[in-house]
Amino acid sequence: MAKTRAYYAQFWIQVYRYFVGLYRRLKKCWSVVKGFFTKKEEEHIPPAESIFHKEKIAVLGRTVKDKSLALEQRAQAAYRIGLLAFTGGPTAGNFAAEYMKEVAHLLQNYEMEPKIKIQLLQSVASWCYLNPVNQRRAKHLQFIPILVDLFDNRLEPTTKSDINSNLLLKFWTCYVLSVMTCNNLSCTQELRDYSSLKYHLQMLASENWSGWPENFAEELYFLIGFHRS
């Protein structure tokens with residue numbers, strides 16, 4: 001009786017092992033087949049449709065380029081493009097690059113209120129954040145001289161509100177430059193050539209940066225290496 005039980009136990013163990021092995025082989029086979037069809041399906045996706053937020057960026061891009069619209073409306077569209085470029089990943093950032101040319105043009109050639117300029121700066125910051133490719137593109141689009149130029153006041157603000165708005169604009173400029181120079185030696189080297197920048201950063205570093213995660217004037221000062229000269 002004991003031998004019979006042992007025989008049946010051995011038999012069912014072998015049967016169990018056979019079906020386990022069969023299950024594993026079928027599962028492996030299905031993974032290969034599924035992967036083949038998934039790959040084929042992915043290969044047939046048009047590249048343009050694979051860009052996350054592409055349609056939204058395109059619509060906003062037309063707004064940014066529309067010269068008949070108010071500057072504030074164009075700046076708001078640029079701000080949203082920056083956010084979409086950041087959340088959409090590298091491909092979305094690549095697609096947004098086309099409209100960053102217009103952002104550079106607006107900052108360089110139009111007189112506007114600080115709050116509108118800040119929205120444009122925020123778009124650049126989002127576009128470049130932790131993205132070395134876009135940082136290099138921003139440098140190529142001459143954003144560095146455009147941004148450094150924002151530190152120079154052509155007209156001294158008179159009211160307290162104007163002074164605060166102007167200071168906030170400079171804070172955002174420091175932040176964008178910090179984002180652009182993060183792990184980017186070429187940007188750092190270019191900024192070092194601006195002799196007036198050291199003075200501006202020293203003055204801004206002494207301001208009250210409460211509410212900001214960092215004193216970005218001070219951070220930029222050390223990133224550029226002004227403390228060594």
Side-chain angles (χ1 to χ4, degrees), residues 52-53 56-66 69-90 92-152 161-184 187 191 200-201 204 207-220 223:
F52 193 51
H53 295 327
K56 292 180 182 177
I57 291 174
V59 171
L60 292 167
R62 288 194 288 273
T63 301
V64 172
K65 290 184 172 184
D66 191 343
L69 298 174
L71 287 173
E72 187 170 7
Q73 191 173 347
R74 295 169 73 185
Q76 286 172 353
Y79 168 74
R80 291 175 63 190
I81 286 175
L83 292 179
L84 291 171
F86 173 69
T87 58
N94 295 342
F95 190 71
E98 176 185 349
Y99 307 108
M100 288 299 142
K101 296 176 186 177
E102 192 65 27
V103 172
H105 176 71
L106 291 172
L107 282 170
Q108 190 172 25
N109 298 298
Y110 286 80
E111 287 297 329
M112 60 189 82
E113 295 178 21
K115 66 176 184 180
I116 299 177
K117 286 184 180 179
I118 287 170
Q119 286 188 312
L120 294 173
L121 292 180
Q122 289 169 335
S123 73
V124 179
S126 298
W127 180 53
C128 291
Y129 188 74
L130 298 179
N131 191 319
V133 174
N134 289 342
Q135 289 170 2
R136 289 192 292 272
R137 284 178 174 153
K139 183 177 181 294
H140 180 71
L141 290 172
Q142 300 299 309
F143 268 107
I144 287 181
I146 292 170
L147 294 173
V148 171
D149 191 53
L150 294 178
F151 289 122
D152 293 317
S161 175
D162 288 343
I163 292 171
N164 290 337
S165 296
N166 199 268
L167 185 61
L168 186 60
L169 173 64
K170 291 179 180 180
F171 279 12
W172 273 104
T173 304
C174 289
Y175 174 69
V176 178
L177 286 171
S178 295
V179 169
M180 284 183 63
T181 54
C182 181
N183 298 319
N184 194 318
C187 286
L191 284 170
H200 288 306
L201 293 179
L204 288 167
E207 296 288 349
N208 181 7
W209 282 77
S210 60
W212 290 75
E214 301 287 344
N215 182 326
F216 287 105
E218 186 176 68
E219 182 177 283
L220 187 59
L223 278 172

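In this chain, numbering begins with 1 at the start of the sequence shown. The figures here come from the full heavy-atom set of this structure, side chains too, leaving out hydrogens, waters and symmetry mates. Treat the numbers as computed from the prediction; the structure is a model and nothing was measured.
Taking the side chain as every heavy atom from C-beta outward, Val64 and Leu69 never approach each other to under 4.5 Å. With contacts defined as side-chain heavy-atom distances shorter than 4.5 Å, the pair Phe151/Cys174 qualifies. Within the 4.5 Å cutoff, the side chain of Asn183 has no heavy atoms near those of the Leu130 side chain. Taking the side chain as every heavy atom from C-beta outward, Ile81 and His53 never approach each other to under 4.5 Å. For the pair Leu120/Met112, a side-chain contact is recorded, criterion being any heavy-atom separation below 4.5 Å from C-beta on. Taking the side chain as every heavy atom from C-beta outward, His200 and Asp152 approach each other to under 4.5 Å. Contact of the Asp149 side chain with the Leu107 side chain is not registered, since no non-hydrogen atoms from C-beta on lie closer than 4.5 Å. Residues Lys56 and Val59 have side chains not in contact (no heavy-atom distance under 4.5 Å, counting atoms from C-beta outward).
The distance from atom CD of Gln108 to atom CG of Leu150, rounded to the nearest 0.5 Å, is 10.5 Å. Atom OG1 in Thr181 sits 12.5 Å away from atom NZ in Lys139 (nearest 0.5 Å). Note that CG of Asn164 and CZ of Phe171 are 9.5 Å apart. Values are rounded to the nearest 0.5 Å. Taking CD of Glu219 as the reference point, atom OH of Tyr175 lies at 9.5 Å (rounded to 0.5 Å). Note that CD of Gln76 is 10.0 Å distant from OG1 of Thr63, once rounded to the nearest 0.5 Å. Rounded to the nearest 0.5 Å, atoms CG (Leu204) and CG (Asn215) are 8.5 Å apart.
For Glu98, the salt bridge (charged side-chain N to carboxylate O under 4.0 Å, His left out) partners are Lys65, not counting sequence neighbours. Applying the salt bridge (charged side-chain N to carboxylate O under 4.0 Å, His left out) criterion to Glu102, with sequence neighbours excluded, gives Arg74. Taking Lys170 as the reference, nothing meets the salt bridge (charged side-chain N to carboxylate O under 4.0 Å, His left out) condition, with sequence neighbours excluded.
When all heavy atoms of Ala58 and Tyr99 are compared, the pair lying nearest together is CA-OH, 3.8 Å. Shortest non-hydrogen contact noted between Gln119 and Ala75 is OE1-CB, 3.8 Å. The shortest non-hydrogen separation linking Cys128 to Met180 is SG-CG, 4.2 Å. Ile116 and Leu71 make their closest contact through CG2-O, 3.9 Å (heavy atoms, listed as atom of the first residue, atom of the second, distance). Minimum interatomic distance between Phe86 and Ser126 (heavy atoms only, all atoms of both residues): CB-O, 3.5 Å. Gln135 approaches Val179 most closely through the heavy-atom pair NE2-O, 3.1 Å.
Shown here is Arg137, whose CZ atom has more than 12 heavy atoms of other residues, nucleotides or ligands within 6.0 Å. Counting heavy atoms of neighbouring residues, nucleotides and ligands inside a 6.0 Å radius, atom NE2 of His105 exceeds 12 of them.
Here the rule is ring pair (Phe, Tyr, Trp, His ring centres under 6.0 Å) with Trp172, and of Trp209, Phe216, Trp212 only Trp212 fits it. None of Ile144, Leu223, Leu201, Leu147 except one satisfies the side chain to side chain contact (heavy atoms under 4.5 Å, CB included) rule with Leu191; the exception is Ile144.
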(message) Walk me through whether Leu121 and Leu169 qualify under side chain to side chain contact (heavy atoms under 4.5 Å, CB included).
(response) CA-CA 9 Å; Leu121 292 180; Leu169 173 64; 3.6 Å; yes
(request) Could you walk me through whether Phe143 and Val103 pass the side chain to side chain contact (heavy atoms under 4.5 Å, CB included) test, one step at a time? (result) CA-CA 9 Å; Phe143 268 107; Val103 172; 4.1 Å; yes
